[in-house]
Structures are given as structure tokens and as C-alpha cells.
Q: 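Below is the structure I would like to discuss, written out as C-alpha cells.
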Amino acid sequence: MIFKMASNLQAHRILDAAANRAAEGLRVVEDYARFVLDDAHLTRLVKSLRHDLAECLAALPRPERLASRETQADVGAEITTPAETNRTDAWQVCVASSERVKQSLRSLEEFGKIEDPDFAAGIERLRYRHYTLERALGVTTTAVDRLEFCTLCVLVDGGDTPEAFTALVQELVAAETPMIQLRDKRLDDRELLDRARTLVELTRSPSSIGGLSEADDALISRAESGSESPPTGPSANRNRTLAIINDRADIAAASGADGVHLGQEDLPVKAARGIVGPRALVGVSTHAIEQARAAVLDGADYLGAGPTFPSQTKSFDAFPGPAYLAELAAEIRLPTFAIGGIHAENLPEVLAAGVGGVAVSSAVTSAAEPGAAVRTLLRSLSRSR
């Protein structure tokens, strides 16, 4: 009986320490989402997780927790490693705290089984919620930097001939179009793949490897490891055009494109990611804030938002309009492109809503000089930043 009581005291001591670490770590992660990313959606989710943890911990009697606490005689209190005191930026702080949360939740779960299996099961559910939030925070952080200067996406079809397609893409690349998306429902698969490969070849810089620039490759690796935050200086991708394939993850993968863009009726992000790989961009079209929130947690790298206005290239039953853009901009930090009937004349209304990127088609492709149309839009977008 004496051993059993001592064992329970030790378990309470472990649970108390793990509870403190988990709560403290979540507060740091919440501060990163709130003050660094300025992302209301992720901030709200982290805060909810922190409050739900507090509810779970209420099952552990506070008197027992405090009575078992012994910081003065804790053998680990003075044990540190150089890595624990080395933080160069906010992202490193967030990564370290996120790791602390995961480890603490696991400790709470395992030692909690001694006291109450239901308590342990509740902690396990919180741990999996944190895994999802950790991914969303990491993807958002990387995407914000990776697409920082990507304010314009031009949607093109395959053209009447391969030569016409090549000529248009060359003009758009020469105009320094940040992103070109190939969207074509007419071509058969082989023709579409041929156009996609042409797009990739024309947009690819000499330093690119497997659809990524060397700078992007290093950026994502650092973000994944948490060893360093994404760099804020110019990257190679900011000096070339990104090649995105609409709908078809298989075509994007086969052509070595930079990514794929998905609609609400297309493959889910998880399935597309399994085809294009972990480092390709996956964009998702959204028409309501609930869809945008879901896309963030699904692991999307950027969002399409609209339709904003009636379009010459696609018909819609409803138009969320600028009001949806404002709602999204106020809540979600993930890079977003407004889409649908946008041109130079109504661009100020789009930018006033707070979305920093636009996707256009006929505003450029139907212009007498597509390259000049791109430059005009880029100038307006640059002035709004």
C-alpha cells in the first residue's frame, strides 16, 4: 500500500509537470498564430485547443497536483542543452513550443492511464487535433513566404495550336507573370500533358530541380525541420513564373509542374498531395468561408476565392463577391487569389477587400498585348502592397 501511494504521488507529479508544459506551449503557439501570422482562424483553433486541455485537466484534482509538485528538488530543473537557449526567430520559437506540446500531451496520455482511462482518451484526441494545427501553421508560414511576391495568376487554355500556346506563354513569362495556370477541358490527356510540359519548360529557371527552385527547396526543408524560419529575402521563385495545372494532379506530376489547383468537386487535398508530392503547391478554390477554413486544415498552400464578378470564361450560379473576399482576408492568412471577372477597372474594389492576389484570364489573354496587360495589373498590385 505504501508503494502504491508513492507510485500515485509520482504519477501526479509527472501529470502536473506535463500539464504545465502543454498549457505553456499552447500559449506560445497561440501567440505566434495571433501576432506573427495575424491569422484569426488558426488563433481561434489553438485557443480552443488550449481551453479544451484545461477542461480535461480539471479531472485531475488540483490539490493533489499542487501537493505532488516539487520544483526545488527537481533533478531536471538545472539540465539544459544549447538548443534550448538558441532561438533565432519567431518560427523557431513556435516549432520548439509545438514539439513541447506534443511530447507533453503524450506524457499526459500515458501516465493518465494510471489514474483514469477516459482522461487519457481525451488527451489523445487533443494530441491529434494539435497534429493538424501544427501542419496548418507550418504550411501557412512556408506559403506566406514562398508566395510573398506572387500576386497575379493568369489562367490560360491550351490554345488553338501548340505554337499559339507557346507564343502566349513566352509573352507572359517575358512580362514576369508570377504564376500561370493551365486550364483546358477540350484537349485529350496526351495533348494536355504536352502543353503542360511546354509550360513547365518555358517557366523553369536553370536552378530549378524537380519543380522547385533551389531556394524553395531549401526554404521548405528548413521549415519542415524547424531549424530555421523561411527566409525573407528574395528567392529564385520570385524571379520566375510558377507553372500550375488546373484539376489534374496526374498531369501536374507527370509534367513536373510547380503544383495543382483544385476545385470543390475535384480530388481532395490529401489525394492530390499523394500524387504531386509533399513539396508541390496545392491550391483550392473556395466560395464560402467554411470551405476556406476546411482547406487550411486540409493542408492547402493557397486559396482561390470567388467568383467575385461575372466572368467571360466561366458561368456561375452565385457570386460571393467582394464581401466574401473581405471576410476571408479578415480571418485567414494563407495566400489567396481573388478570381472571377477581375480586370484593371474593378481591381481597386478587389484590393480594397484586403485580398492581395488576383487570378485573371480574359483580362490578359483577350488583350491585344497580353504582356502589357500583365504589366499594368502588376503595377496596380504592387502599389497596393
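This is a predicted model, so every value here is computed, not measured.
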Q: Which salt bridge (Lys or Arg N to Asp or Glu O under 4.0 Å) pairs, counting each pair once, include a residue from residues 153-175, with sequence neighbours left out?
A: none
Q: Between Arg27 and Glu30, does at least one N-O distance fall below 4.0 Å, as a salt bridge requires?
A: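 Glu30 and Arg27: salt-bridged.
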Q: Can you name the one residue among Thr140, Thr142, Thr141 that meets side-chain contact (heavy atoms from CB on, under 4.5 Å) with Val144?
A: Thr140
Q: Would you please test Asp298 and Arg273 for salt bridge (Lys or Arg N to Asp or Glu O under 4.0 Å) and show each step?
A: CA-CA 10 Å; Asp298 287 343; Arg273 183 70 71 192; over 6 Å; no
Q: Using links of under 4.5 Å between side-chain heavy atoms of ILVMFWY residues, direct or through other members, which residues join Val28 in one cluster?
A: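 Val93, listed by chain and number.
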Q: Can you tell which of Leu26, Asp52, Leu108, Val101 makes a side-chain contact (heavy atoms from CB on, under 4.5 Å) with Leu126?
A: Asp52
Q: Please report the closest heavy-atom contact between Ala257 and Val200, naming both atoms and the distance.
A: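 Between these two residues, the closest heavy atoms are CA-CG2, 3.6 Å.
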Q: Using the side-chain contact (heavy atoms from CB on, under 4.5 Å) rule, pick out the option among Ile244, Leu182, Asp247 that qualifies with His261.
A: Ile244
Q: Do any N or O atoms from the side chain of Asp194 and from the backbone of Arg190 form a donor-acceptor pair under 3.5 angstrom?
A: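 No; zero donor-acceptor contacts below 3.5 Å.
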Q: Return yes when atom CD of Glu369 has more than 12 non-hydrogen atoms of other residues, nucleotides or ligands closer than 6.0 Å, and no otherwise.
A: no
Q: With sequence neighbours left out, what residues match Asn346 under side chain to side chain donor-acceptor pair (under 3.5 Å)?
A: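 For Asn346 the side chain to side chain donor-acceptor pair (under 3.5 Å) partners, ignoring immediate neighbours, are His343.
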Q: Salt bridge check: are Glu24 and Arg21 linked by an N-O gap of less than 4.0 Å?
A: no
Q: If the condition is side chain to side chain contact (heavy atoms under 4.5 Å, CB included), which residues does Asp116 pass it with, not counting sequence neighbours?
A: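 Checked Asp116 against side chain to side chain contact (heavy atoms under 4.5 Å, CB included); matches are Asp118, Phe119.
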Q: Is the closest side-chain donor-acceptor distance between Arg127 and Tyr131 under 3.5 Å?
A: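 Result is yes, a qualifying pair exists.
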Q: Determine, step by step, whether Arg204 and Glu201 satisfy the salt bridge (Lys or Arg N to Asp or Glu O under 4.0 Å) criterion, reporting the C-alpha distance in whole Å, the side-chain angles of both residues, the deciding distance to 0.1 Å, and the verdict.
A: CA-CA 5 Å; Arg204 191 59 31 89; Glu201 180 182 355; over 6 Å; no
Q: Would you mind telling me which of Val169, Leu168, Leu242, Leu152 makes a side-chain contact (heavy atoms from CB on, under 4.5 Å) with Ile180?
A: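 Result: among Val169, Leu168, Leu242, Leu152, Val169 is the only option passing the side-chain contact (heavy atoms from CB on, under 4.5 Å) with Ile180.
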Q: Is it the case that over 12 heavy atoms from other parts of the model lie below 6.0 angstrom from the CZ atom of Phe165?
A: yes
Q: Quick test of your reading: applying salt bridge (Lys or Arg N to Asp or Glu O under 4.0 Å), list the pairs with at least one residue in residues 327-348, sequence neighbours left out, ordered by first then second residue.
A: Arg44-Glu331, Arg293-Glu331
Q: So, Tyr32 versus Ser97: side-chain donor-acceptor pair below 3.5 Å or not?
A: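 Absent: no donor and acceptor within the cut-off.
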Q: If you count heavy atoms of other groups shown closer than 6.0 angstrom to CZ of Arg62, is the number above 12?
A: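 Atom CZ in Arg62 is not packed in, count stays at 12 or less.
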Q: Given Leu297 and His41, is the side chain to side chain contact (heavy atoms under 4.5 Å, CB included) satisfied, shown in steps?
A: CA-CA 10 Å; Leu297 295 184; His41 176 46; 4.3 Å; yes
Q: I'd like to know if Arg240 pairs up with Asp258 as an ion pair, taking the criterion as any Lys NZ or Arg NE/NH1/NH2 lying under 4.0 Å from an Asp or Glu carboxylate oxygen.
A: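 Here Arg240 pairs with Asp258 in a salt bridge, since their nearest N and O are under 4.0 Å apart.
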Q: If you count the non-hydrogen atoms of other residues, nucleotides and ligands that lie under 6.0 Å from NZ in Lys113, is the total more than 12?
A: yes
Q: Using a cut-off of 6.0 Å, state whether more than 12 heavy atoms not belonging to Glu110 lie near its atom CD.
A: yes
Q: Could you list the residues that satisfy salt bridge (Lys or Arg N to Asp or Glu O under 4.0 Å) with Asp266, not counting sequence neighbours?
A: none
